[in-house]
Amino acid sequence: MTSPIPDLTPDEWGKLIRRGQRLVGSESATQFDLGDMGLEMVPLPPKGKRLPRKAYKRLADFAEEVGLEFERFEEYRIVAGAWPKENRNKSVCWTVHSILSRHHDRFMMIRNPPVYRKTGQKRWTCDAARRAVGWKTQIPENIEERVRQVQDILDDEEVAVEVIERTMMTRPRVVHRVAEKPHVRETFTRAQTKAIREAHEETKARPEVRKLDEEQEVFTVLGLCSAFASGIGRTLPGLHLAELSEDSKGAIRDGLQRVTAAVDWTEHVLQTGKTDMDRELRRILAGG
């Protein structure tokens, strides 16, 4: 059972907002003051230069003495260095200054806040700052931001597969709309073709299938040999080949040459596994 939440009148809500803004403003001032103290102890180095180790030790010692984490104190110092006092905006919280601190147009940006969707007034929020520098927002406001949020959730491949499968089974209208997109159909077709090809190759690699394929190939070649041999055996005794004209005998010899070439080529394939043929062999087998 969930805990009850007290109702607030608009006046009570407004008072809490103003109180919170004063506290955040006070906190921001403190964060900048701490950062300025860090700069007094260790100014920012020139671009491309690094601080000596003793500088970091001084900052770490100070942070420990005053009860701060060194990383947090160092962040205060760097943000303070990015925002000279004359460029800071007291009506904007320290976090927004921090988010914008690496943007080259930050001084102009801080003076030109975007429109806040809830009030229609121009003011900076943390999400507005994240949006301005291209970061992921905590509360998505448009389709692109919602998509990015969902993509983060679906970063795990197993989760993504499960969600897509359930969507396809339970939301046919969504599936239909997605399937109307040509690039989606093309991607799905490629994936399906690849899956079929891989399944076929996997099946062919199975020992029992390889054995069946081998037997089928043997039966095919033996069938051709048997058909020729049995055909000759049945037919030849009833023929009068010696009485044929020389032209007819020549035609039969051409046929025998084709058979001999085919037999020699078959032997070559058995020995080497190569099924290519030169132009002359191709001409003979074609009867040209």
Side-chain angles (χ1 to χ4, degrees), residues 5 8 10 13-39 42-45 47-48 50-51 56 59 63 67-160 163-164 167 174 178:
I5 300 176
L8 295 174
W13 177 255
K15 287 180 179 179
L16 287 174
I17 292 293
R18 289 189 292 273
R19 181 183 170 191
Q21 287 174 338
R22 287 195 298 270
L23 290 172
V24 170
S26 175
E27 181 186 28
S28 295
T30 300
Q31 291 167 311
F32 269 122
D33 286 343
L34 287 167
D36 290 336
M37 292 177 67
L39 290 174
V42 179
L44 293 181
K47 189 174 183 180
R50 298 181 62 183
L51 290 174
Y56 289 109
L59 294 169
L68 274 175
E69 292 183 351
F70 169 69
E71 290 78 8
R72 178 61 59 86
F73 179 51
E74 176 66 356
E75 185 179 8
Y76 292 161
R77 188 181 73 90
I78 291 174
V79 173
W83 292 96
K85 293 182 179 180
E86 64 272 15
N87 296 115
R88 299 171 190 173
N89 190 330
K90 293 182 179 180
S91 64
V92 178
C93 70
W94 179 89
T95 303
V96 169
H97 283 83
S98 176
I99 295 171
L100 299 179
S101 62
R102 290 177 175 80
H103 199 288
H104 63 281
D105 286 333
R106 58 187 178 278
F107 301 148
M108 181 190 70
M109 293 172 68
I110 204 73
R111 296 193 301 268
N112 296 277
V115 175
Y116 183 43
R117 63 181 178 84
K118 289 186 178 180
T119 63
Q121 299 175 341
K122 288 190 173 184
R123 61 177 291 248
W124 278 109
T125 64
C126 296
D127 262 353
R130 293 186 185 96
R131 193 172 292 111
V133 297
W135 294 1
K136 184 183 70 173
T137 58
Q138 292 186 345
I139 303 176
E141 293 185 0
N142 53 49
I143 291 179
E144 180 59 31
E145 292 176 0
R146 294 188 183 98
V147 168
R148 289 180 63 178
Q149 189 177 55
V150 171
Q151 285 178 323
D152 288 341
I153 298 174
L154 299 182
D155 187 57
D156 185 287
E157 186 172 316
E158 294 299 323
V159 174
V163 170
I164 293 173
T167 301
V174 173
V178 172

Colleague: For residues Cys126 and Thr95, report the shortest heavy-atom separation together with the two atoms involved.
Modeller: SG-CG2, 3.7 Å
Colleague: Could you state the interatomic distance from CG (Leu68) to CG (Leu59), rounded to the nearest 0.5 Å?
Modeller: 11.5 Å
Colleague: Work out which heavy atom in Ala129 is nearest to a heavy atom in Val96; give both atom names and the distance.
Modeller: CB-CG1, 4.0 Å
Colleague: Apply side-chain contact (heavy atoms from CB on, under 4.5 Å) to Ile110 and Asn87, showing your working.
Modeller: CA-CA 8 Å; Ile110 204 73; Asn87 296 115; 6.0 Å; no
Colleague: Taking atom CZ as the centre, does Arg123 end up with more than 12 heavy-atom neighbours from other residues, nucleotides or ligands that are less than 6.0 angstrom away?
Modeller: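 Atom CZ in Arg123 is crowded, with more than 12 foreign heavy atoms closer than 6.0 Å.
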Colleague: Report the distance from atom CG of Leu51 to atom OH of Tyr56, rounding to the nearest 0.5 Å.
Modeller: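 Rounded to the nearest 0.5 Å, the CG-OH separation comes out at 4.5 Å.
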Colleague: Output a table of donor-acceptor pairs, distance under 3.5 Å, between side-chain atoms of residues 26-38 and any protein atom two or more places apart or on a different chain; print 'none' if there are none.
Modeller:
residue: Ser28; atom: OG; partner: Val24; partner atom: O; Å: 3.0
residue: Ser28; atom: OG; partner: Trp94; partner atom: N; Å: 2.8
residue: Thr30; atom: OG1; partner: Ser26; partner atom: O; Å: 3.0
residue: Asp36; atom: OD1; partner: Arg88; partner atom: NH2; Å: 2.7
residue: Asp36; atom: OD2; partner: Arg88; partner atom: NH1; Å: 3.0

Colleague: Does CD1 in Ile143 sit with more than 12 non-hydrogen atoms of other residues, nucleotides or ligands closer than 6.0 Å?
Modeller: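 12 or below, so no.
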Colleague: Report the distance from atom OG1 of Thr137 to atom CD of Glu144, rounding to the nearest 0.5 Å.
Modeller: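 So the gap between those two atoms works out to 10.0 Å.
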Colleague: Tell me whether Asp105 at atom CG has more than 12 heavy atoms from other residues, nucleotides or ligands lying less than 6.0 Å away.
Modeller: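 Yes, because the 6.0 Å sphere around CG of Asp105 holds more than 12 heavy atoms from other groups.
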Colleague: Hey, does the side chain of Arg77 reach the backbone of Val42 with a donor-acceptor pair shorter than 3.5 angstrom?
Modeller: yes
Colleague: Where is the tightest heavy-atom contact between Glu75 and Ser98, given as atom of each residue plus distance?
Modeller: OE2-OG, 3.4 Å
Colleague: Quick check for you: to the nearest 0.5 Å, what is the distance between Glu157 atom CD and Asp155 atom CG?
Modeller: 10.0 Å
Colleague: Nearest 0.5 Å, please: how far is CG in Leu100 from CZ in Arg130?
Modeller: 11.0 Å
Colleague: For the residue pair Ala82 and Arg106, what are the closest heavy atoms and their distance?
Modeller: O-NE, 2.9 Å
Colleague: Work out which heavy atom in Glu158 is nearest to a heavy atom in Asp156; give both atom names and the distance.
Modeller: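 Residues Glu158 and Asp156, closest heavy atoms: N-OD1, 2.9 Å.
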Colleague: Please list all pairs passing the ring pair (Phe, Tyr, Trp, His ring centres under 6.0 Å) test where one or both residues lie in residues 99-128, with sequence neighbours left out.
Modeller: Trp83-Phe107
Colleague: Between Asn89 and Arg111, is the side-chain contact (heavy atoms from CB on, under 4.5 Å) condition met? List the steps.
Modeller: CA-CA 8 Å; Asn89 190 330; Arg111 296 193 301 268; 5.6 Å; no
Colleague: Any chance you could measure Leu8, atom CG, to Lys15, atom NZ, to the nearest 0.5 Å?
Modeller: 11.5 Å
Colleague: Measure across Arg131 and Ile139 and return the closest heavy-atom pair with its distance rounded to 0.1 Å.
Modeller: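 Minimum heavy-atom separation between Arg131 and Ile139: NH2-O, 4.0 Å.
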